[in-house]
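Below, chains carry the letters A, B, ... as their sequence lines are ordered, and counting in each starts from 1.
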Number of protein chains: 2
Amino acid sequence: MSDTHTQLKKFITNQITIEDELLALICNKFRYKATRRNQILLHADEVCPYIYFVNQGCLRVYLLDAAGKEFTRFLITENRFGTAFPSFTLQEPSLAYIESIEPSQLLYISYSDYQSLFDIVPGWERSTRLGLQADYIASIKRIESLITMDAKQRYQLLIKTNPTLVQRLPSKIIADYLGISQETLSRLKSKK
Amino acid sequence: MSDTHTQLKKFITNQITIEDELLALICNKFRYKATRRNQILLHADEVCPYIYFVNQGCLRVYLLDAAGKEFTRFLITENRFGTAFPSFTLQEPSLAYIESIEPSQLLYISYSDYQSLFDIVPGWERSTRLGLQADYIASIKRIESLITMDAKQRYQLLIKTNPTLVQRLPSKIIADYLGISQETLSRLKSKK
DNA sequence: AGAGATTGTTGACATTTGTCAATAATTTAT
DNA sequence: ATAAATTATTGACAAATGTCAACAATCTCT
């Protein structure tokens, strides 16, 4: 486990002060998994059993409507946690799919292990709260961009806040993350 | 304090099991405030000093762009917590304003008292985490509605999930909460 | 109760964005 | 390396929504 869990350890010790034994207690609950490109980790209507920590690669949480159109709820890259959050948290069927859009190296923990850590490890609740705070703030910013900005402004914001993502992912996916069509994004790019 | 804090107590005991003395310790940090209609509680560019709990009435967290256009980030009604979350959490200048759109009865706690409770009261961290989880899930649903639905669908969803809000607030505010113009909303309503 | 302010409605038109389709470019898998 | 699949671009057009303006309806405050 040594090497596979170092990023997770760093993530946690960045948030809280914690003894090595307790940190190990947390890390022991996380198992390692490598995925291929486009591998589906969760289908809609399933209850999401895991929350993932991305060591390497990229996860995409997306919705699929009746017409087969896809909408990207979240993109999760290195050193971030990600899951179908409502489904995992409430243990109810997911509206979203999870896939690894790149070959990825992941850690994952089951719902029951995740829950047990709240009682077993002092500090885990704080670490989780801080993570949630950050994720919630990010989602507020996203809502704001969706209600106040047009397609072009949102694209430029994304380039500014997450330039790597834009370079790294097919623009098809960037487009539906921004809530616009592939064609509109293509036109935005050519017009400056 | 008896009566003014009963709703808050109920909110907390709904989430966690807690002894009366500890619950009192929490409640003691919350002060009471009555506001008039349209009273501004926070201006943009100020660091938000408080998080509010709404006993009665309604808070609105909104953005104002250079052209004077308003965008409603959140509406907070009875028995919910609300604040300019990024500003309060990170103690940085707010992009948003907070106003009470109705005459309201509020409880509020300062940032430092809020922080101190994490260390003083076992259970407060859990209560906060659970609240955050719920708020984060709500914001994810909102993002989804913004990227997957058109104006009409979003309006119908709001009617379904929050019928009271739609009746109670001026449709101007409902419109910019939905991210659409007042005129578009007016047309949606007449066309069914 | 009534004046003034705010909010809501409607029409005409502009703008943005989406959709469909054809083709080009790129990537992937063998 | 090459064929097949995927992704990106572009054009023409349609649909959704925004903007501006005029007016009506409704609140609100004294």
Rounded to whole Å, how long is the line connecting atom [atom1] of [X] with atom [atom2] of [N]?
X	N	atom1	atom2	value
B/Arg37	D/dT30	CZ	P	12 Å
B/Asn38	C/dA5	CG	P	15 Å
A/Leu188	C/dT16	CG	P	11 Å
B/Arg168	D/dC27	CZ	P	16 Å
A/Glu99	D/dT6	CD	C1'	14 Å
B/Leu169	C/dG8	CG	C1'	15 Å
B/Ile173	C/dT7	CD1	C1'	10 Å
A/Tyr155	D/dA8	OH	C1'	12 Å

With a 4.0 Å cutoff (strictly under), does any side-chain N or O of [X] reach OP1 or OP2 of [N]?
X	N	result
A/Thr184	C/dG18	yes
B/Lys69	D/dT19	yes
A/Ser181	C/dT19	no

(request) Indicate, with yes or no, if the rings of B/Phe81 and B/Phe11 have centres closer together than 6.0 Å. (result)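 When the ring centroids of B/Phe81 and B/Phe11 are compared, they turn out to be within the sub-6.0 Å range.
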(request) Would you kindly check if the NZ (Lys) or CZ (Arg) of B/Arg73 is within the cone defined by 45 degrees around the ring axis of B/Tyr177 and under 6.0 Å from the six-membered ring centre? (result) no
(message) Using a 4.0 Å heavy-atom cut-off, does B/Ile180 contact any base of the nucleic acid, only the sugar-phosphate backbone, or nothing at all?
(response)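 Sugar-phosphate only.
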(request) Would you indicate what B/Ser171 reaches in the nucleic acid, counting non-hydrogen atoms under 4.0 angstrom: base, sugar-phosphate, or nothing? (result)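 Sugar-phosphate, backbone atoms only, no base.
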(request) On DNA chain D, check which nucleotide each of A/Ser186 and B/Gly179 is closest to and give me the residue with the more 5' one. (result)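 Going by which nucleotide is closer to the 5' end, it is A/Ser186.
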I'd like to know if [X] and [Y] make a salt bridge, using a cut-off of under 4.0 Å between side-chain N and carboxylate O.
X	Y	result
B/Glu102	B/Arg37	no
A/Arg80	A/Asp135	yes
A/Glu78	A/Arg168	yes

To the side chain of [X], which of [options] is closest?
X	options	result
B/Glu183	D/dT19, C/dG18, D/dT17	D/dT19
B/Gln182	C/dT19, C/dT7, D/dT17	C/dT7
A/Lys172	C/dT17, D/dA8, C/dT7	D/dA8
B/Arg187	D/dG18, C/dG18, D/dT28	D/dG18

